[in-house]
K.L.:
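One structure, as structure tokens, below. Some questions next.
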Amino acid sequence: MPILLTLPIALFLALLLLAPPAWAQAVQTIPPAESAEVLGQLVHVEDEGKNQEVGRIAEILVNAEGQPVAVVLDVGGFLGVGNRKVAVAWSALRFQKTKDKLDITLAVPANTVRAAPDYKGPGKPVQAVGP
């Protein structure tokens with residue numbers, strides 16, 4: 001009797017150890033050419049033919065379906081002093097992937113971004129400037 005009981009337990013343990021973990025079934029592989037990180041990336045505008053830095057992406061705001069609707073830019077200041085956050089509509093961003101980086105430009109003049117109201121944070125109405 002002890003042999004019969006140990007055999008099913010041993011088979012169960014062997015199957016358990018050989019089975020892939022649950023997370024392995026949900027993992028997708030995304031090639032580097034199909035993705036890019038945007039948090040922390042610089043955003044530029046083209047004003048009067050000049051490429052001008054406006055700020056860095058600090059946050060991405062999404063709707064209830066998980067679709068991006070706006071980004072929060074960290075603008076102004078010098079070395080982190082005097083910065084403020086403003087929201088910009090996602091539709092105002094233009095993404096262009098080059099060989100080794102992602103260029104993000106804004107279809108809104110720099111003066112409009114600088115004059116935008118401050119982003120107040122979660123739970124507050126978002127006033128996002130857009131095209």
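Only a predicted model underlies this, so the values are computations on that prediction, with no experimental measurement involved. Along the sequence shown, residues carry numbers from 1.
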K.L.:
Does the pair K120 and D118 meet the rule for a salt bridge (charged side-chain N to carboxylate O under 4.0 Å, His left out), with working shown?
P.N.:
CA-CA 6 Å; K120 303 291 185 192; D118 288 352; 5.1 Å; no

K.L.:
Under the side-chain contact (heavy atoms from CB on, under 4.5 Å) test against V38, which residue among V43, I57, L93 passes?
P.N.:
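The side-chain contact (heavy atoms from CB on, under 4.5 Å) with V38 is passed solely by I57 among V43, I57, L93.
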
K.L.:
If you count every heavy atom of other residues, nucleotides or ligands that lies below 6.0 Å from K97 atom NZ, does the total exceed 12?
P.N.:
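Enclosed: over 12 neighbouring heavy atoms sit under 6.0 Å from NZ of K97.
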
K.L.:
In sequence, state the C-alpha distance, the side-chain angles, and the governing distance for T105 and F95, and then conclude on side-chain contact (heavy atoms from CB on, under 4.5 Å).
P.N.:
CA-CA 7 Å; T105 55; F95 299 92; over 6 Å; no

K.L.:
Are more than 12 heavy atoms from other residues, nucleotides or ligands located less than 6.0 Å from atom CD of E53?
P.N.:
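Check passes, neighbour count above 12.
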
K.L.:
If you define the side chain from C-beta out and look only at heavy atoms, does anything of L61 sit under 4.5 Å from W90?
P.N.:
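The answer is no, as the side chains (C-beta and beyond) never meet within the 4.5 Å cut-off.
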
K.L.:
Going through the checks in order, is the side-chain contact (heavy atoms from CB on, under 4.5 Å) test met by L39 and I60?
P.N.:
CA-CA 8 Å; L39 288 179; I60 299 173; 4.0 Å; yes

K.L.:
Ignoring hydrogens, what is the shortest heavy-atom contact between G76 and N83? Give both atom names and the distance.
P.N.:
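Closest pair (atom of G76, atom of N83, distance): O-OD1, 2.7 Å.
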
K.L.:
When rounded to the nearest 0.5 angstrom, what is the spacing between CD in Q41 and CG in D103?
P.N.:
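With rounding to 0.5 Å, CD (Q41) is 9.0 Å from CG (D103).
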
K.L.:
For side-chain contact (heavy atoms from CB on, under 4.5 Å), just list the numbers for L106 and V113, CA-CA rounded to whole Å, side-chain angles, deciding distance to a tenth of an Å, and then say yes or no.
P.N.:
CA-CA 10 Å; L106 192 54; V113 175; 3.4 Å; yes

K.L.:
Please step through side-chain contact (heavy atoms from CB on, under 4.5 Å) for the pair E59 and Y119, ending with a clear verdict.
P.N.:
CA-CA 11 Å; E59 298 178 46; Y119 171 69; 3.9 Å; yes

K.L.:
Between G55 and V75, which heavy-atom pair has the shortest distance, and what is it?
P.N.:
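Closest heavy-atom pair between G55 and V75: CA-CG1, 4.2 Å.
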
K.L.:
Kindly compute the distance separating NE2 (H44) from NZ (K50), expressed to the nearest 0.5 Å.
P.N.:
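With rounding to 0.5 Å, NE2 (H44) is 13.0 Å from NZ (K50).
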
K.L.:
Kindly say whether E65 contributes a backbone atom to a donor-acceptor pair with the side chain of N63 at under 3.5 angstrom?
P.N.:
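Judged by distance alone, yes, a pair lies under 3.5 Å.
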
K.L.:
Give the minimum heavy-atom separation between V108 and A92, together with the two atoms involved.
P.N.:
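Nearest heavy atoms, V108 then A92: CG2-CB, 3.8 Å.
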
K.L.:
Of all the heavy-atom pairs spanning R114 and Q52, show the shortest one and how long it is.
P.N.:
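Of all heavy-atom pairs spanning R114 and Q52, the closest is NH2-NE2, 2.8 Å.
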
K.L.:
Under a 4.0 Å threshold between the charged nitrogen and the carboxylate oxygen, would D74 count as salt-bridged to R56?
P.N.:
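A salt bridge is absent here (no side-chain N lies under 4.0 Å from a carboxylate O).
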
K.L.:
Kindly work out whether a path of hydrophobic side-chain contacts (I/L/V/M/F/W/Y, heavy atoms less than 4.5 Å apart) joins V72 to V54.
P.N.:
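No, separate clusters.
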
K.L.:
Taking all non-hydrogen atoms of both residues into account, name the closest pair between A36 and L102 and its distance.
P.N.:
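Nearest heavy atoms, A36 then L102: CB-CD2, 3.8 Å.
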
K.L.:
Check S91 against P131 and note the closest heavy-atom contact, atom names and distance.
P.N.:
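Minimum heavy-atom separation between S91 and P131: OG-CD, 3.9 Å.
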
K.L.:
Taking the side chain from R84 and the backbone from L73, do they hold a donor-acceptor pair closer than 3.5 Å?
P.N.:
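No, the answer is negative, given that no donor and acceptor are paired below the 3.5 Å cut-off.
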
